[in-house]
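Report on one structure; see the data block that follows.
The sequence lines fix the lettering, A, B, ..., with proteins before strands; numbering per chain opens at 1.
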Amino acid sequence: MSEEKSLNFIEEIIENDLKSGKYETLVTRFPPEPNGYLHIGHAKAICLNFGLTQKYGGYTNLRFDDTNPVTEKTEYVNSQQEDIKWLGFEWKNELYASDYFGQLHKFAVTLIEKGLAYVDHSTAEEIALQKGTPTESGVDNVYRNRSVEENLDLFNRMKNGEFEDGACTLRAKIDMASPNMLMRDPIIYRIKHTPHHRTGNEWCIYPMYDFAHGQSDSIEGITHSICTLEYVSHRELYDWFIEKLEIFPSKQYEFARLNLTYTVMSKRKLLQLVNEKHVAGWDDPRMPTISGLRRRGYTPESIREFCERIGIAKRENLIELSLLEFCIREDLNKKANRVMAVLDPIKLVITNYPEGKDEILVGENNPEAEDKGGMREIPFSRELWIEREDFMEEPAKKWFRLAPGAMVRLKFAYIVQCDSFEKDANGEIKTIYCTYIPESKSGSDTSGINVKGTIHWVSAAHAKTATVRQYDRLFTVESPDAEEGDFKDYLNPKSMEVIENVYIEPHLAKANLSDGYQFIRKGYFCLDKDSTADHLVFNRVVSLKDSWKG
RNA sequence: UGUCCGAUAGUAUAAGGGUAGUACAAGUGAUUUUGGUUCAUUUAGUCUUGGUUCGAAUCCAGGUCGGACAACCA
């Protein structure tokens with residue numbers, strides 16, 4: 001069966017290149033800068049680059065783009081590696097742009113020797129001024145026409161640490177009148193007397209992104225160098241260096257980055273949320289970081305599926321958060337064991353059930369799993385906790401749950417009928433009194449009674465307690481970036497609701513950190529790493545879809 | 001008064017000169033011991049104006065709108 005699946009524009013390019021024999025083996029790379037944690041937007045790029053070589057053969061390198069020692073840290077290198085592995089991908093080579101500092105330095109010397117680079121003593125302000133604007137061309141400066149020998153000598157002295165930071169730069173000599181600002185003699189080396197996370201104090205000059213990225217691709221024989229749209233105008237420069245240096249012609253292709261509703265995606269803004277403690281850290285479950293999503297309870301499969309579904313194109317896009325939620329529900333629906341937990345309890349007493357009697361009921365763990373996920377035991381007794389919202393003193397129309405005189409099925413157990421209820425001094429419902437129908441036991445129901453509603457419960461005498469953290473969108477508006485004023489003005493004050501003393505069925509005491517659970521009728525939850533043996537903390541991954549419109 | 005990129009249902013993404021399709025979202029109904037799942041079904045789209053053509057979302061030209069570009073960041 002040939003299921004014609006349409007190709008995205010990058011796959012088309014690759015298939016053409018492979019078919020024409022331009023390349024035998026596809027080589028891609030994922031090139032993060034180790035200056036922050038990876039987020040769902042990076043996941044899109046990871047799935048793309050690794051996915052392509054899985055599909056067409058070939059391999060993908062992991063290359064850290066570590067050309068700026070001021071912002072880069074080993075902590076980030078480690079977290080980024082962990083996230084990529086967790087997503088389920090394996091890189092062929094672990095590489096660093098800093099591995100190429102020696103080679104890159106030689107490339108710079110080559111350019112100088114060809115008369116295509118010069119040392120400039122202008123200040124940053126002067127350079128900006130001489131550069132012109134997008135609509136006005138720039139002007140040449142006095143250092144532009146130095147001799148090759150002088151440039152060689154000066155560049156050598158830069159390398160040897162004879163100048164302070166900012167005293168001079170090495171610039172490519174291209175065209176100060178180019179309509180592309182990046183071609184107006186871009187800086188390719190700058191002085192930074194800053195130790196590097198890998199090369200230590202070996203260098204005090206560091207290449208700029210444009211002078212490192214393309215050449216690194218070329219050195220590694222990257223055939224398709226895939227990046228986001230903001231690099232479109234860099235492509236001309238990318239090609240220029242490769243051409244002048246006469247090295248392997250890697251080609252750059254750009255796709256539109258991911259934007260997600262109700263969140264921000266720039267590393268700068270995410271860092272700000274962390275530093276200013278609007279969230280608990282890079283892995284706060286509300287963060288769109290991969291570590292945050294992992295802690296929230298998202299699975300690698302769900303994120304990969306999401307990346308598959310959003311597609312790859314060149315137009316700007318804003319993906320609805322509901323698609324991400326759909327992907328995790330779809331995955332957890334198959335995998336998550338069903339359990340019962342009561343988040344906002346009221347007492348239910350079964351007046352005709354013997355006091356002191358216990359019963360062990362069995363329930364299937366997951367009706368959606370092939371073997372139903374096996375069975376588990378659930379203790380039942382005379383007094384139960386049920387959800388406050390499952391009782392209505394004056395029922396709305398089409399109300400299927402508990403109300404005076406109404407009958408409901410207790411999940412995995414019996415049908416009960418509400419006889420009366422009691423309020424406390426504040427007028428809040430305190431206790432509901434029911435009678436149960438002994439013949440209606442789940443699995444052996446001979447009562448012949450049909451009820452519309454089924455509710456969850458936990459036996460009061462057997463319940464354990466836990467803390468539940470219910471998460472919601474981090475921002476109140478779809479596009480915090482696009483809004484007026486500071487994006488932080490739109491933080492959702494209710495993005496985390498902590499509920500203490502949630503009653504959970506005893507089975508959940510054995511909950512596993514890596515498993516997702518469905519709290520029946522409430523949503524998908526997972527154990528948080530803050531849990532201890534006697535204090536469990538659950539994160540809500542996502543609520544269940546709720547088509548009840550009360 | 002620049003250069004480059006883009007424009008298809010609410011949101012994404014296909015259709016590569018020949019019936020505008022899919023997914024999510026939204027609505028309706030059926031099934032259901034989760035108001036979940038599943039199934040069925042409805043709503044809803046080619047930025048604009050010309051041109052080429054028997055025929056244009058697709059090719060061409062002009063316009064409009066959106067985005068990117070003036071860091072010793074990546």
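- When the shell of 6.0 Å around CD of A:Glu308 is examined, it contains 12 or fewer heavy atoms from other residues, nucleotides or ligands.
- The gap from the C1' atom of B:A15 to that of B:U1 amounts to 38 Å, rounded to the nearest Å.
- Between A:Arg235 and A:Glu254 there is a salt bridge, since a side-chain N of the basic residue sits under 4.0 Å from a carboxylate O of the acidic one.
- Of the C1' atoms belonging to B:U42 and B:G17, the separation is 32 Å, rounded to the nearest Å.
- Nucleic acid contact for A:His213: none, since no nucleic acid atom lies under 4.0 Å from a heavy atom of the residue.
- Residue-level contact check: A:Ile319 touches the backbone only, with heavy atoms under 4.0 Å from sugar-phosphate atoms and none from bases.
- Distance, A:Lys314 NZ to B:A68 P: 16 Å, rounded to whole Å.
- No contact: A:Arg235 has no heavy atom under 4.0 Å from any strand.
- Centroid-to-centroid, the aromatic rings of A:Tyr189 and A:Tyr206 stay 6.0 Å apart or farther.
- Across all strands, A:Phe326 comes closer than 4.0 Å only to sugar-phosphate atoms, never to a base (heavy-atom distances).
- Using C1' as the reference atom, B:C72 and B:C65 are 36 Å apart when rounded to the nearest Å.
- A:Glu368 contributes no side-chain N or O that forms a donor-acceptor pair with the base of B:U38 under 3.5 Å.
- If you check every strand for non-hydrogen atoms under 4.0 Å, A:Tyr231 touches a base.
- One P atom belongs to B:A56, the other to B:G29, and the distance between them is 42 Å to the nearest Å.
- Among the protein residues, A:Arg338 comes within range of the nucleic acid bases, having at least one heavy atom under 4.0 Å from a base atom.
- Applying the 4.0 Å criterion to OP1 and OP2 of B:U31, one finds that A:Lys452 has every side-chain N and O outside that range.
- Phosphate proximity of B:A74 to A:Thr67: present, with a side-chain N or O under 4.0 Å from OP1 or OP2.
- Here, B:U64 and B:A14 have their C1' atoms 26 Å apart, quoted to the whole Å.
- Across all strands shown, A:Asp546 has heavy atoms under 4.0 Å from sugar-phosphate atoms exclusively, and none from any base.
- Rounded to whole Å, atom C1' of B:U34 lies 14 Å from atom NZ of A:Lys372.
- Nucleotide B:C65 is matched to B:G6 when pairs are restricted to Watson-Crick or G-U wobble geometry with both distances under 3.5 angstrom.
- Between the P atoms of B:U28 and B:U43, the separation comes to 15 Å (whole Å).
- Nucleotide B:U22 holds its C1' atom 13 Å from the CD atom of A:Glu305, rounded to whole Å.
- At the heavy-atom level, A:Ile520 lies under 4.0 Å from base atoms of the strands shown.
- For the C1' atoms, the distance linking B:U46 with B:A7 amounts to 10 Å, nearest Å.
- For the P atoms, the distance linking B:C47 with B:U38 amounts to 33 Å, nearest Å.
- Here A:Glu254 lies out of heavy-atom contact (under 4.0 Å) with every strand.
- As judged by a 4.0 angstrom heavy-atom cut-off over every strand, A:Arg409 is placed among the base-contacting residues.
- Residue A:Ile312 is classed as a sugar-phosphate contact, given heavy-atom separations below 4.0 Å to backbone atoms only.
- Residue contacts shown for A:Ser547 are limited to sugar-phosphate atoms, with no base heavy atom under 4.0 Å away.
- Taking the nucleotide of RNA chain B with the nearest heavy atom to each of A:Leu318 and A:Pro179, the more 5' of the two is matched to A:Pro179.
- Residue A:Pro31 is classed as having no contact, given no heavy-atom separation below 4.0 Å to the nucleic acid.
- The side chain of A:Arg329 contributes no N or O atom lying less than 4.0 Å from OP1 or OP2 of B:C24.
- Toward the 5' end of RNA chain B, the nearer of the two residues A:Ile455 and A:Lys549, judged by each one's closest nucleotide, is A:Lys549.
- Ring-centre distance between A:Tyr231 and A:Tyr238: not below the 6.0 Å cut-off.
- If you measure from atom CZ of A:Phe255 to atom P of B:A68, you get 17 Å, rounded to the nearest angstrom.
- In A:Lys173, the NZ atom is crowded: over 12 heavy atoms of neighbouring residues, nucleotides or ligands sit closer than 6.0 Å.
- Within 4.0 Å of A:Tyr206, counting heavy atoms only, lies no atom of the nucleic acid at all.
- Pairing for B:A15 is absent, with no Watson-Crick or G-U wobble pair whose two atom distances lie under 3.5 Å.
- For A:Glu387 and A:Arg521, the salt-bridge test fails: no basic side-chain N is under 4.0 Å from an acidic carboxylate O.
- By the side-chain contact (heavy atoms from CB on, under 4.5 Å) test, A:Arg540 pairs with A:Gln470, A:Phe525, A:Ser543, sequence neighbours left out.
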